[in-house]
Amino acid sequence: MIVRQLDDPAAVRTVTGGVNWTSRRLLMAADGMGFSLHDTLIHAGTETRIHYKHHLEAVYCISGEGEIEELEGERRTHRIHPGMMYALNQHDLHLLRATSELRLVCVFTPPLRGDEVHGPDGAYPAGETSA
């Protein structure tokens, strides 16, 4: 069994994406679960271009307000608010905007190692396909 506390820096890896976001990584590839689990803060007033070319992600909003804009296909914009979930099941290119600080629970497959930040293309580097 894996048990971790969000406020325990010895157990949770914190990674920042400049002024845009802070990701607290609770489960990582080395944990062998086949996915990674993150408690992420998207800071108010920011916009982040993201394109997870190598990962699928599901996101559940705990608090805050914002929007996600699809940059391909139908180019829809979806309001983000507590209780809303979205899944990037097609490696969707998108913009993530935070009106107020967003607190999101994120799940990635394949799992992240834990130290990744977005590259210039908005993607995390390709990782292991299994833990």
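What you see is a predicted model, and the numbers here were worked out from it, not measured in a lab.
Using a 4.5 Å cut-off between side-chain heavy atoms of Ile, Leu, Val, Met, Phe, Trp and Tyr, with links allowed through other members, Leu71 and Tyr124 fall into different hydrophobic clusters. Side-chain heavy atoms closer than 4.5 Å link hydrophobic residues (I, L, V, M, F, W, Y) into clusters, and following such links, possibly through other members, connects Leu93 to Leu95. Residues Tyr60 and Phe35 are members of one and the same hydrophobic cluster, defined by side-chain heavy-atom contacts under 4.5 angstrom among Ile, Leu, Val, Met, Phe, Trp and Tyr.
At a threshold of 4.5 Å between non-hydrogen side-chain atoms, the residues Val105 and Ile62 count as touching. Looking only at side-chain heavy atoms (C-beta outward), Leu102 and Leu41 stay at 4.5 Å or farther from each other. A 4.5 Å side-chain heavy-atom check between His55 and Pro110 finds at least one atom pair inside the cut-off. Counting heavy atoms from C-beta outward, Thr40 and Arg103 have side chains that stay 4.5 Å or more apart. Side-chain contact between Thr77 and Glu70 is absent, with no heavy atoms from C-beta onward closer than 4.5 Å.
Of the inter-residue distances, the one linking Thr109 atom OG1 with Asn89 atom CG reads 13.0 Å to the nearest 0.5 angstrom. Note that the CG atom of Leu104 and the OG atom of Ser23 stand 10.0 Å from one another [nearest 0.5 Å]. The line from CD of Glu101 to CD1 of Ile42 is 9.0 Å long, rounded to the nearest 0.5 Å. Annotation: the span from His94 atom NE2 to Ile68 atom CD1 amounts to 4.0 Å, rounded to 0.5 Å. The distance from the NE2 atom of His54 to the NE2 atom of His51 is 9.0 Å, given to the nearest 0.5 Å. In this structure, Ile50 CD1 and Leu96 CG are separated by 5.0 Å, a value rounded to the nearest 0.5 Å.
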Please tabulate, one pair per line, all N/O donor-acceptor pairs under 3.5 Å involving side-chain atoms of residues 80-88, not counting sequence neighbours.
none

Donor-acceptor list for residues 13-21 side chains, cut-off 3.5 Å, not counting sequence neighbours:
residue: Asn20; atom: ND2; partner: Glu47; partner atom: O; Å: 2.9
residue: Asn20; atom: ND2; partner: Thr48; partner atom: OG1; Å: 2.8
residue: Trp21; atom: NE1; partner: His118; partner atom: ND1; Å: 3.3

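For the residue pair Arg25 and Val12, the shortest heavy atom distance occurs at O-CG1, 3.6 Å. Closest approach of Gly34 and Pro111 over heavy atoms only: O-CD, 3.6 Å. Of all non-hydrogen atoms in Gly64 and Cys61, the two that sit nearest each other are O-SG, 4.0 Å.
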Before giving the answer on side-chain contact (heavy atoms from CB on, under 4.5 Å), spell out for Met28 and Met33 the whole-Å C-alpha distance, their side-chain angles and the decisive distance to 0.1 Å.
CA-CA 8 Å; Met28 294 163 274; Met33 296 291 295; over 6 Å; no
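Residues satisfying the salt bridge (Lys or Arg N to Asp or Glu O under 4.0 Å) test with Asp92, not counting sequence neighbours, are none. Remark: His38 engages Phe108 in a ring pair (Phe, Tyr, Trp, His ring centres under 6.0 Å) (not counting sequence neighbours). In this structure, Asp7 has no salt bridge (Lys or Arg N to Asp or Glu O under 4.0 Å) partners at least two apart in sequence or on a different chain. Partners of Arg75 under the salt bridge (Lys or Arg N to Asp or Glu O under 4.0 Å) rule, at least two apart in sequence or in another chain, do not exist in this structure.
Between Glu69 and the choices Arg76, Arg49, Arg97, the salt bridge (charged side-chain N to carboxylate O under 4.0 Å, His left out) rule is met once, by Arg97.
For Ser36 (side chain) and Leu112 (main-chain N/O), a donor-acceptor pair under 3.5 Å exists by modelled atom type.
For Asp31 and Arg4, the salt-bridge test passes: some basic side-chain N is under 4.0 Å from an acidic carboxylate O.
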